[in-house]
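Since this is a predicted model, take the numbers as computed values, not measurements. Chain A is the first sequence line, chain B the second, and so forth, proteins listed ahead of strands; every chain is numbered from 1.
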Amino acid sequence: MPQFLSNKRLIILLVSIIILVALIGFSIREREKLTWPEQFIKDTTGWVQSAFSRPANYVAGFFENVRDLQNTYEENKELKARLDELAQLEVNVQTLAKENKELREILDNKEDLSEFDPVQAIVIGRNPERWHELLVINKGKQDGIKQNMAVITANGLIGKVKSTSQFTSTIQLLSANDPTNRISAKIIGEKETYGTIEGYDEERKLLKLKRLPYDAKIEKDQIVTTSGLGGVFPQNLPIGKVVEVVPDEFGLNQTAYVEPGADFYDIRHVMVVTVKTQAPDLSDITSEEEEEL
Amino acid sequence: MKKLLLPIFVLFIFILESLFVELFSPQLFNSDRIIVPHFLLVVLLFLTVYGGKKQGILYAAIFGLLFDIVYTEVIGIYFFLYPLIAYFVSKTMQLIHNHLVVVSLTSMVGIILLELGVYELNFLLKVTEMEFQTFLQERLYPTLILNLAFTILVSFPLKRQFDKYAEELRNE
């Protein structure tokens with residue numbers, strides 16, 4: 001039987017283990033930006049990926065359309081029933097929007113946390129190994145995308161921008177199990193309740209909304225949106241609906257399980273959201289405090 | 001020209017994995033099982049066995065690094081595991097006859113090694129909190145079935161092409 005590991009091989013193995021640990025340590029810490037070789041490789045592969053993924057998506061889209069045709073009749077019936085409600089809703093929205101604008105003018109308040117500019121993007125890749133829930137999209141720094149921006153689909157928030165290169169960026173989905181990924185959220189009701197989205201229950205496929213006050217009364221089906229308090233995400237991006245509320249381990253807080261509005265799996269088009277109102281710089285705040293003193 | 005074909009083919013498989021997950025994700029994700037394509041590893045192992053050991057390990061290292069940078073953003077895991085598994089498979093193939101069925105089964109063992117290695121590393125790095133039993137039942141077994149199907153489909157044409165490739169290398 002030939003020897004599996006000779007001395008020379010053993011040394012190579014040990015050296016490569018050291019390199020492995022060093023590389024993992026280097027890449028897993030919180031990084032502001034990717035190194036330029038990484039960006040270059042990402043851009044190059046991103047180009048090849050979009051060359052393949054667009055035609056593939058067209059073909060898949062065609063089959064999906066055919067499948068959709070089968071349900072057309074029933075869907076049409078249901079949609080017609082909804083149409084009546086819609087007219088009423090439209091009138092309401094218009095009056096409210098007008099009122100809102102007038103009130104803002106009175107207050108002389110131009111800045112709005114819920115205003116944002118969306119950048120449309122197409123998903124060109126997805127991490128196949130599925131430990132990290134990552135997507136690759138075809139817009140990057142050149143299109144004004146920066147780290148930590150919110151990413152939404154038509155149905156709601158799906159994640160944030162994890163890293164950017166010149167022409168592509170990587171999105172981390174909300175369903176990723178990353179303890180550093182926290183999003184300030186609120187439950188809309190008579191009184192708004194604030195908490196943070198932390199973690200994802202993989203078995204039940206629900207998001208965990210933690211740090212809710214223990215005395216808050218939360219009901220099922222209440223809507224959860226972003227609060228805009230972090231200064232990174234705009235306000236009022238829909239996240240999902242409350243399914244269940246349980247007390248925390250220590251009874252000081254409550255945790256709500258939230259069913260995400262967006263599908264984390266069938267994602268083709270996304271929008272990257274850039275906040276119009278920038279959070280004030282730290283230097284501004286400190287200088288104001290000094291003035292008060 | 002012919003020399004360029006192999007890298008392009010492997011690159012295509014590399015992108016195919018991501019495309020596969022992207023396009024079939026609704027069907028794949030809406031069940032409790034996690035099915036992961038490891039087409040790239042299968043091709044790399046076949047290359048190692050039939051196309052030549054050095055070539056195989058070199059490609060495994062390059063595409064492992066590419067995989068880490070493009071897909072996982074944690075550099076090192078696949079960069080380390082792909083060549084290591086390719087090396088072990090090439091060593092094992094010196095002991096047993098490299099019949100097509102044997103090679104296919106060995107690449108399944110390779111996939112098990114890769115999945116176990118990646119799971120353990122991710123568990124250490126706290127990327128996942130999955131328990132080992134859940135990992136086996138929900139991830140490893142379905143993954144093996146998918147990749148076995150892929151291997152059966154491509155094994156024969158792959159062997160023929162890589163045999164040709166090895167022949168060309170020898171002639172040069």
Side-chain angles (χ1 to χ4, degrees), chain A residues 1-5 9 13 16-17 19-28 31 34 37-39 41-42 44-46 48-49 51-53 56-57 59-60 64 123-132 134-136 162-163 168 170 172 176-179 202-203 205 263-268, chain B residues 11-12 14-30 32 34-40 61 65-81 83-84 87-88 91-92 94-95 114-115 118-119 121-122 124-130 134 138-139 143:
Chain A
M1 188 181 146
Q3 209 181 343
F4 248 83
L5 290 168
R9 303 257 154 81
L13 184 71
S16 49
I17 288 178
I19 294 174
L20 166 81
V21 172
L23 276 175
I24 291 179
F26 166 74
S27 55
I28 207 162
R31 285 194 290 177
L34 299 173
E38 282 174 277
Q39 290 192 23
I41 290 173
K42 280 193 160 238
T44 321
T45 46
V48 183
Q49 271 176 327
F52 276 107
S53 93
N57 269 325
V59 176
E64 226 161 70
V123 177
I124 54 172
R126 190 182 179 117
N127 176 12
E129 56 133 31
R130 295 176 60 183
W131 289 113
H132 310 255
L134 301 175
L135 294 178
V136 186
K162 190 175 179 234
S163 61
T168 62
T170 309
Q172 183 177 42
N177 190 357
D178 180 0
E202 269 176 50
E203 276 170 33
K205 301 203 186 301
D263 186 350
F264 290 145
Y265 308 123
D266 193 11
I267 307 168
R268 299 266 159 79
Chain B
L11 186 68
F12 171 72
F14 174 75
I15 286 167
L16 182 75
E17 276 191 3
S18 137
L19 266 185
F20 183 85
V21 174
E22 204 186 316
L23 291 182
F24 293 94
S25 52
Q27 293 91 327
L28 284 179
F29 284 82
N30 282 339
D32 291 334
I34 302 174
I35 305 174
V36 186
H38 281 301
F39 306 153
L40 184 62
L65 182 62
L66 212 58
F67 195 99
D68 280 332
I69 291 177
V70 175
Y71 292 138
T72 65
E73 299 211 338
V74 179
I75 304 165
I77 296 181
Y78 286 83
F79 183 37
F80 177 69
L81 285 176
L84 190 71
Y87 175 73
F88 277 125
K91 276 285 165 195
T92 329
Q94 286 173 5
L95 302 177
L114 177 73
E115 276 287 311
V118 175
Y119 168 73
L121 278 170
N122 278 333
L124 273 178
L125 297 173
K126 300 226 160 56
V127 172
T128 179
E129 284 161 4
M130 197 184 267
T134 343
E138 290 184 2
R139 192 172 158 119
T143 300

Can B:Glu22 and A:Gln49 be said to form a side-chain contact (heavy atoms from CB on, under 4.5 Å), step by step? CA-CA 12 Å; B:Glu22 204 186 316; A:Gln49 271 176 327; over 6 Å; no
### Message
Between A:Asn127 and B:Val21, does the side-chain contact (heavy atoms from CB on, under 4.5 Å) criterion hold? Intermediate values first, please.
### Response
CA-CA 8 Å; A:Asn127 176 12; B:Val21 174; over 6 Å; no
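Partner of B:Glu73 under the side-chain contact (heavy atoms from CB on, under 4.5 Å) criterion, chosen from A:Gln172, A:His132, A:Lys162: A:Lys162. Under the side-chain contact (heavy atoms from CB on, under 4.5 Å) test applied with A:Pro128, the options B:Phe20, B:Tyr71, B:Phe14 reduce to a single match, B:Tyr71.
Only the side chain of A:Ala60 comes within contact range of chain B, judged by heavy atoms closer than 4.5 Å. Within the 4.5 angstrom heavy-atom criterion, only side-chain atoms of B:Ile15, from C-beta onward, approach chain A. Only the backbone of A:Ile124 comes within contact range of chain B, judged by heavy atoms closer than 4.5 Å. At a 4.5 Å heavy-atom cutoff, the contact between A:Val48 and chain B is made by backbone and side-chain atoms alike. With a threshold of 4.5 angstrom between heavy atoms, A:Val21 does not approach chain B through any atom at all. At a 4.5 Å heavy-atom cutoff, the contact between B:Tyr119 and chain A is made by backbone and side-chain atoms alike. At a 4.5 Å heavy-atom cutoff, the contact between A:Ile28 and chain B is made by side-chain atoms alone. For chain A, the nearby part of B:Leu66 is the side chain; its heavy atoms alone come within less than 4.5 Å.
With rounding to the nearest 0.5 angstrom, the CD atom of A:Glu129 is 5.5 Å from the CZ atom of B:Phe67. Here B:Ile77 contributes atom CD1 and A:Ser27 contributes atom OG; the two are 8.0 Å apart, rounded to the nearest 0.5 Å. Separation of atoms CZ (B:Phe80) and CD1 (A:Ile19) is listed at 10.0 Å; rounding is to 0.5 Å. Taken to the nearest 0.5 Å, the OG1 atom of A:Thr45 stands 9.0 Å off from the CD1 atom of B:Ile69. A:Arg130 contributes atom CZ, which lies 15.5 Å from atom OG1 of B:Thr72 (distance to the nearest 0.5 angstrom). Residue A:Leu23 holds its CG atom at 8.5 Å from CG of B:Asp68, rounded to the nearest 0.5 Å.
With chain B as the partner, the residue from A:Ser163, A:Ala176, A:Ala22 showing the most heavy-atom pairs under 4.5 Å is A:Ser163. With chain B as the partner, the residue from A:Val123, A:Val136, A:Leu135, A:Thr168 showing the most heavy-atom pairs under 4.5 Å is A:Val123. Between chain A and the residues B:Leu16, B:Leu11, B:Leu19, the most heavy-atom pairs under 4.5 angstrom are made by B:Leu19.
With hydrogens and angles disregarded, a donor-acceptor distance shorter than 3.5 Å links the side chain of B:Ser18 to the backbone of A:Arg126.
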